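Worth knowing before you read on, the calculation uses all heavy atoms, side chains too, and leaves out hydrogens, waters and symmetry mates. Note that ligands are numbered from 1 as they come in the structure, with each ligand's atoms numbered from 1 the same way. Source: prediction; values computed, not measured. Starting from 1, each residue takes its place in the sequence as its number.
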Amino acid sequence: MSFAQPALSDAAQSFLSSHAKANLLIGGSWTGAKSGDVFPTLDPATGETLAEVAMAGTADVDAAVAAARKALPGWRATPPVERAKLLWAIADAIEANIDELAEIETLDQGKPLYVGRWAEIPGAVNQFRFFGGQAMAIEGQTIESSINYQPEGKQMATWTNRQPVGVVAAILPWNSPLVLTAMKLAPALAAGCTVVLKPAEDTSLSSIRLAELMIEAGLPEGVLNIVTGMGAETGAALAAHPDVNKVAFTGSTATGRAILDGAKGNLKKVTLELGGKSPMIVMPDADLDLAIPGVANAIFFNGGQVCVAGSRLYAHKDIFNDLIEGVVAYGKGMAAGHGLDPATQMGPLVSARQADKVATYVKGAADAGATVHSGGELFGPANTFMSPTVITGVDNAMPLVREEVFGPVLAAQPFEDVESVVEAANDSDYGLAASIWTESLSHAHRISERIEAGTVWINCHLMYDAALPIGGMKQSGWGRDSGRQALDSYLEWKTICAVV
Ligand code: NAI
Ligand code: MG
């Protein structure tokens, strides 16, 4: 187990030194905060500072929004094929620089290299490819109306068209920065919107590198602007800004509510991809060779810092012990270490703050009588690592089972029958995702119909695609990312009613 930071590539090294303190992107220029304020971003594996990042204040946010507003008429008038070509060029540029981007993402976020390199960043590429195509498929409708108004020699014509919502504020979290950023930028730019992006304070770096690549790919100035900074200042200023038309947010449910409060001044449009507490239901007839690694990955991938992580397990009592034994063994086989070490399967949590939060949930459950089969303790130079953790003896009333933990912590309960497990799975404020593990088509179909979740996976979990809408029911959010549904959320309908 090695926690030390391995040697960096020349590309990553040169990126880290090139952008110190001047990483706000406003109207096509890189600049520092007007106040000169900066804050550090850390390597969470070691706790050491990687770079100083500009702390945007309200004056910087105003300048970024003004730049996005200025760029809007030109960008929305750009022919769809030109918007598509830019998005595809961005996809190509990400792909050509994927090793460096994965390295930066791992350094700043902590995640094992393979998570960014083979899962998330290819997902970001697909977002730009998919929405490049969608830019050329925006369509309204002609509608036969029943309006009874027909001046002599004239007729009514009625139709709808789509127009970009305008300036979009994209406020992003720290768990999967690049792919989640792509999930906002690609549909927004395809729709003809311009964007002010606020990355999470723990993970600003990959979006800065992405923006450099986008500029090289031909991004017109002002179409994307970046303000780095804290949520309560930079993020809140953006959410409340009177000249922003829409906020596209991914993050916690509590912050989603704060954003709604901020957005109400000018009634801007809001889409929210919020927390989850996604149940996994394993039926007695499940193929355990599929379910054991599937369940383990659903909660341990990216250290459980995934909005759709399978954090609640409901396994039938006949296979409960075998499944738990298998998942514990799988977790114990995952190598912890610095994310840049290619052998690493478990990196650190994103920050000491997040690690403490996760450990507090585990301790609370243990104090209440739950059994911790593996993991649960923090370790490593900055106390940010936690091994895969499996906990039984829990119930739906415990905070560990009700609240989003966002760590590699599985809370498992046995069940006896379908009725009780559907009820238990739906007994949650959240409704983001779920998975059902069974060989029975009837169980798969009937249970999936009844689960209150925006996505239900059958015999798999964490399967994303740019074409598949993802988002939440209940307190997991409003609207959808990915798919045509995401594009829709960056477009207004306009009805035209004409006497011609
Ligand atoms: P957060 O939701 O507060 O942060 C997400 C983004 O919102 C960051 O860019 C942050 O700067 C910004 N932000 C914070 N306060 C804001 C405000 N008042 N106005 C506008 N923007 C604001 O997440 P945080 O506090 O870093 O993590 C706490 C918990 O949130 C995690 O433990 C996890 O449970 C959950 N979370 C959920 C995510 C998801 O994908 N559903 C992603 C990240 C965190
Ligand atoms: Mg960091």
Which residue and heavy atom of the protein sit nearest atom 42 (C) of ligand 1, plus the separation:
P173 CB, 3.3 Å
For atom 22 (C) of ligand 1, state which one of L197, V247, T255, D202 supplies the nearest heavy atom.
T255
Under 4.0 Å, heavy-atom basis, I'd like to know which part of V306 is in contact with ligand 1: side chain, backbone, both or neither.
neither
Which option, G251, G231, A263, owns the non-hydrogen atom nearest atom 14 (C) of ligand 1?
G231
Atom 4 (O) of ligand 1 touched by protein heavy atom at under 4.0 Å:
no
Donor + acceptor pair across side chains of K184, T271 (<3.5 Å):
no
Which of the atoms in ligand 1, numbered in the order shown and given with their element, are less than 4.0 Å from a heavy-atom of G275?
41 (N)
Around atom 26 (O) of ligand 1, find the nearest protein heavy atom and jot down its residue, atom name and distance.
W174 NE1, 2.5 Å
Other residues, nucleotides, ligands: >12 heavy atoms within 6.0 Å of E377 CD
no
Just to the nearest 10 degrees, tell me the angle at the Mg ion (ligand 2) spanned by D202 O and L42 O.
170°
Is there a donor-acceptor contact under 3.5 Å linking the side chains of S482 and Q127?
yes
Tell me the nearest of T203, L274, L272 to atom 41 (N) of ligand 1, using heavy-atom distances.
L274
heavy-atom search around atom 29 (C) of ligand 1 in the protein gives K357 NZ, 3.5 Å
Is the distance from the Mg ion (ligand 2) to the nearest N/O/S atom of P44 under 2.8 Å?
no
Report, as yes or no, whether the 6.0 Å neighbourhood of atom CH2 on W478 holds more than 12 heavy atoms from other residues, nucleotides or ligands.
no
Suppose you place the vertex at the Mg ion (ligand 2); what is the angle out to T41 OG1 and D108 OD1, to 10°?
60°
Ligand-side contact atoms (ligand 1) for residue partner E201, heavy atom cut-off under 4.0 Å:
8 (C), 9 (O), 10 (C), 11 (O)
Return yes when Q305 approaches ligand 1 closer than 4.0 angstrom through a heavy atom, no otherwise.
no
Within reach of ligand 1, part of P199 (heavy-atom separation under 4.0 Å)
backbone
With a heavy-atom distance limit of 4.0 Å, tell me whether E233 approaches ligand 1 through its side chain, its backbone, both, or neither.
neither
Hey, are Y464 and D481 close enough side-chain-wise for a donor-acceptor pair under 3.5 Å?
no
Side chain of T106, backbone of E103: donor and acceptor closer than 3.5 Å?
no
Determine, using heavy atoms of S476 and all atoms of ligand 1, whether some pair is separated by less than 4.0 Å.
no
Side chains of N266 and H241, donor plus acceptor under 3.5 Å:
no
Surrounding CD of E221 (heavy atoms of other residues, nucleotides or ligands, distance under 6.0 Å), is the total greater than 12?
no
Using side-chain heavy atoms (C-beta onward) and a distance below 4.5 Å, is Q345 in contact with P112?
no
Is it the case that the side chains of E120 and S176 hold a donor-acceptor pair, with the cut-off being a distance below 3.5 Å and no angle test?
yes
Looking only at side-chain N and O atoms, does E403 offer a donor or acceptor that is under 3.5 Å from a partner on Y361?
yes
So, are K474 and D429 salt-bridged, with charged N and O less than 4.0 Å apart?
no
If you count every heavy atom of other residues, nucleotides or ligands that lies below 6.0 Å from D10 atom CG, does the total exceed 12?
no
What residue and atom, counting heavy atoms only, is the protein's closest point to atom 18 (N) of ligand 1, and at what distance?
A258 CB, 3.8 Å
Could you list which atoms of ligand 1 come closer than 4.0 Å to a heavy atom of A236?
19 (N), 20 (C)
Among side-chain atoms of Q109 and T203, is any donor-acceptor pair under 3.5 angstrom?
no
With distance as the sole criterion, is a donor-acceptor pair present between the side chains of T455 and W457 under 3.5 Å?
no
Between R353 and D356, does any side-chain N to carboxylate O distance fall below 4.0 Å?
no
For atom 38 (C) of ligand 1, what is the nearest protein heavy atom, given as residue, atom name and distance?
F406 CZ, 3.4 Å
Has D43 got an N/O/S atom less than 2.8 Å from the Mg ion (ligand 2)?
no
In the protein, which heavy atom is nearest to atom 21 (N) of ligand 1, and how far is it?
G235 CA, 3.6 Å
Close N or O approach (V405, ligand 1; < 3.5 Å):
no
Which of the atoms of ligand 1 are close to N175, meaning less than 4.0 Å from one of its heavy atoms?
40 (O), 42 (C)
Heavy atom of the protein closest to atom 30 (O) of ligand 1 (residue, atom name, distance):
S252 CB, 2.9 Å
Looking at ligand 1, does G262 have a heavy atom less than 4.0 Å from it?
no
Ligand 1 versus T234: contacting region, heavy-atom distance under 4.0 Å:
neither
Atom 34 (O) of ligand 1: nearest protein contact (heavy atom, Å)
E404 OE1, 2.9 Å
Ligand-side contact atoms (ligand 1) for residue partner T250, heavy atom cut-off under 4.0 Å
40 (O)
When the aromatic ring centroids of Y330 and F300 are compared, is their separation below 6.0 Å?
no
